[in-house]
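Single-structure report; data block below.
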Amino acid sequence: MTHQKVAKSSKTEELIQLNETYGAHNYHPLPVVLSKGEGVYLYDVDGKKYFDFLSAYSAVNQGHGHPKILKAMIDQAKTLTLTSRAFYNDKLGSFLKKLCEYTGFDMALPMNTGAEAVETALKMSRRWGHMKKGIPDGDQEIIACQENFHGRTSTIISFSTDQDARKGYGPFATGFKIIPFNDPAALKAAITKNTVAFLFEPIQGEAGVNVPSDGYLKAVRKICSDANILMIADEVQTGFCRCGAKFACDLEGVKPDAMCLGKALGGGMMPVSAVVARKDVMSVFTPGSHGSTFGGNPLACVVAIAALEVLDEENLAAKSLELGDYFRKKLSEVKCPKLVKIRGKGLLTGAVFEKGFEAWDTCVELKEHGLLAKQTHGNIIRFAPPLVISKKEIDEALAVIKTVFEKIK
Ligand SMILES: *Cc1c(COP(=O)(O)O)cnc(C)c1O
């Protein structure tokens with residue numbers, strides 16, 4: 001990775017040094033230190049304003065400090081924050097009902113992080129295969145895709161194909177089969193009598209906004225139904241209106257058997273995740289078989305309820321669809337020979353540069369011009385602003401991107 005020398009304030013330098021000295025180096029951030037957020041904007045410690053075009057990987061779909069979510073959070077923080085699941089709390093039921101209504105599923109199981117939602121789905125599928133299909137416990141197989149991103153636990157990285165995420169972390173969990181993404185025939189061929197589920201992202205976000213061919217989701221649905229295996233969509237990043245519909249699976253009118261949810265479910269304020277599923281699938285969980293101390297805490301519940309309400313009240317699915325198409329159309333008019341492809345759905349866009357191009361310097365340059373975005377896989381920049389962005393702000397951001405991209409040699 002190349003590092004362009006950029007003048008930083010002494011304050012910025014000092015704060016970065018604190019991180020570097022006392023923190024594990026498991027991230028490589030852009031050299032900017034943020035201290036405030038409001039709507040689609042972030043501010044650094046020197047008061048410089050930026051467009052947030054990452055939205056914490058889609059965790060901030062509702063924008064920074066959304067007043068409604070903030071109020072819900074503050075009111076609840078003063079009332080009751082955590083009881084554990086040893087007792088009922090008065091907010092969990094309404095949250096579960098709201099989430100089931102929003103997603104169209106029968107039941108939900110609340111956790112905190114996306115990785116925990118995925119772990120929950122893995123356990124659920126294996127149990128379902130054992131209890132409902134009679135597969136001997138220990139023989140269950142789950143199919144996943146190349147270039148997947150489902151989180152960072154040791155089980156999840158066991159079926160990652162990203163060597164950076166795996167190296168040195170063995171031994172790995174077994175029972176996973178990897179197939180190419182966007183390949184229904186490979187899915188069909190990989191299914192055995194022991195297969196319990198196909199876990200996949202309807203659009204691969206971390207892989208660089210890999211959008212599958214039209215009809216892929218429908219084909220997956222049919223193959224899973226025919227083989228009686230669970231179709232599990234990881235919508236942690238693509239869900240909650242990011243891709244121009246409530247969920248990316250809605251783009252093809254497809255309903256999976258379960259979804260993993262997280263990120264924007266917490267309204268950009270706290271980690272809230274969940275698995276939603278059909279009743280006959282979720283019913284495999286019994287007392288003591290799974291849980292989380294913080295999962296379903298009343299503070300998380302009220303924040304998530306407000307986060308879901310904002311998505312509906314502000315028509316963010318329709319907005320994401322319309323502004324996303326507009327953004328990609330305008331972006332495709334930018335003159336930059338090294339930019340080879342623009343892809344995405346809704347307000348999730350990948351700008352793909354030619355192979356070998358290091359987009360780090362471009363992201364630093366975008367930052368200098370007041371827009372924060374991050375490269376993935378070296379040559380792809382993901383653009384994912386908060387969905388509350390206005391058309392005028394999109395135009396302003398496009399002007400910044402145009403300035404920077406047209407300077408690329
Ligand atoms: C971010 C992400 C996760 C993991 O979520 P964490 O909250 O970081 O654990 C899982 N799946 C997908 C598709 C994601 O984008």
Side-chain angles (χ1 to χ4, degrees), residues 23-24 26-28 54-61 85 99 103 108-127 140 142-176 178 181 196-207 230 232-240 242 247-248 256 258-277 282 285 289-297 300 303-304 307 348 374 376 382 384:
N26 57 329
Y27 280 92
H28 183 57
L54 181 62
S55 302
Y57 304 96
S58 291
V60 191
N61 287 0
R85 298 286 301 274
L99 184 61
T103 57
L109 191 157
M111 298 293 281
N112 313 284
T113 64
E116 289 172 300
V118 173
E119 285 281 347
T120 301
L122 297 175
K123 284 174 148 183
M124 181 183 76
S125 321
R126 285 171 171 176
R127 251 197 184 209
Q140 300 96 322
I142 292 169
I143 302 171
C145 290
Q146 284 167 5
E147 289 197 83
N148 71 70
F149 184 84
H150 297 290
R152 300 295 195 167
T153 66
S154 39
T155 295
I156 292 172
I157 59 151
S158 295
F159 56 94
S160 169
T161 57
D162 175 359
Q163 285 318 306
D164 288 342
R166 287 170 55 91
K167 211 173 144 214
Y169 292 143
F172 296 108
T174 55
F176 298 99
I178 307 295
F181 181 62
V196 296
F198 176 49
L199 170 69
F200 75 112
E201 300 152 87
I203 293 173
Q204 293 187 317
E206 292 310 299
L230 301 177
I232 301 185
D234 180 345
E235 294 251 16
V236 169
Q237 184 164 156
T238 51
F240 301 120
R242 172 52 60 189
F247 297 96
M259 293 197 294
C260 304
L261 305 171
K263 293 201 168 117
L265 184 56
M269 303 221 178
M270 59 187 302
V272 187
S273 73
V275 168
V276 289
M282 196 64 95
F285 286 115
S289 63
H290 191 47
S292 159
T293 302
F294 283 88
N297 71 75
V303 165
L348 182 64
K374 194 78 196 285
T376 172
R382 173 175 26 196

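Since this is a predicted model, take the numbers as computed values, not measurements.
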* Asked: About how many Å separate CE of Met111 and OG of Ser292, when rounded to the nearest 0.5 Å?
  -> 4.5 Å
* When rounded to the nearest 0.5 angstrom, what distance separates CD1 in Ile232 from CD1 in Ile143? -> 11.5 Å
* So, for Ile156 and Ala115, which heavy atoms are closest and what is the spacing to 0.1 Å? -> CD1-O, 3.5 Å
* Structure fact -> So CD of Glu206 and OG1 of Thr376: to nearest 0.5 Å the spacing works out to 5.5 Å
* Asked: What residues form a side-chain hydrogen bond (donor to acceptor under 3.5 Å, both in side chains) with Lys123, not counting sequence neighbours?
  -> His290
* Identify the two heavy atoms, one from Leu54 and one from Lys374, that lie closest to each other, and give their separation to 0.1 Å. => CD2-CB, 4.4 Å
* Trace of the side-chain hydrogen bond (donor to acceptor under 3.5 Å, both in side chains) decision for Ser58 with Arg242 -> CA-CA 7 Å; Ser58 291; Arg242 172 52 60 189; 3.0 Å; yes
* Sequence neighbours excluded - side-chain hydrogen bond (donor to acceptor under 3.5 Å, both in side chains) pairs with any residue from residues 151-165 -> Glu119-Thr153
* Least distance between heavy atoms, Glu147 atom then Ala207 atom -> O-CB, 3.4 Å
* Asked: Can you tell me how far the CE atom of Met270 sits from the CG atom of Asn112, to the nearest 0.5 Å?
  -> 8.0 Å
* Asked: Nearest heavy-atom pair of Phe240 and Ala264: which atoms, and what distance?
  -> CB-CB, 4.0 Å
* To do: Check whether any side-chain heavy atom of Arg127 sits under 4.5 Å from a side-chain heavy atom of Ser289, and report yes or no.
  => yes
* To do: Starting from the C-alpha separation in whole Å, work towards a yes-or-no answer on side chain to side chain contact (heavy atoms under 4.5 Å, CB included) for Ile142 and Phe159.
  => CA-CA 10 Å; Ile142 292 169; Phe159 56 94; over 6 Å; no
* For atom OH of Tyr169, decide whether the heavy atoms of other residues, nucleotides or ligands shown that lie under 6.0 angstrom number more than 12. => no
* Apply the test side chain to side chain contact (heavy atoms under 4.5 Å, CB included) to residues Thr238 and Glu201: give CA-CA distance (whole Å), side-chain angles for both, the deciding distance (0.1 Å), then the verdict. => CA-CA 8 Å; Thr238 51; Glu201 300 152 87; 5.6 Å; no
* Asked: Sequence neighbours excluded, which residues qualify as side chain to side chain contact (heavy atoms under 4.5 Å, CB included) partners of Val236?
  -> Asp234, Cys260, Lys263
* Partners passing side chain to side chain contact (heavy atoms under 4.5 Å, CB included) against Val276 (at least two apart in sequence or in another chain) -> Leu99, Thr103, Phe105, Ala108, Met259, Leu261
* Verify the neighbour count for atom CZ of Phe285: are there more than 12 heavy atoms of other residues, nucleotides or ligands below 6.0 Å? => yes
* Asked: Which atom pair, heavy atoms only, marks the closest approach of Ala121 to Ser125?
  -> O-OG, 2.5 Å
* With sequence neighbours left out, what residues match Asn148 under side-chain hydrogen bond (donor to acceptor under 3.5 Å, both in side chains)? -> none
* **Heavy atoms from other residues, nucleotides or ligands near CZ of Arg85 exceed 12 (cutoff 6.0 Å)** => no
* Where is the tightest heavy-atom contact between Gln237 and Tyr57, given as atom of each residue plus distance? -> CG-O, 3.7 Å
* For Gln140, all residues meeting side-chain hydrogen bond (donor to acceptor under 3.5 Å, both in side chains), sequence neighbours excluded -> Asp137
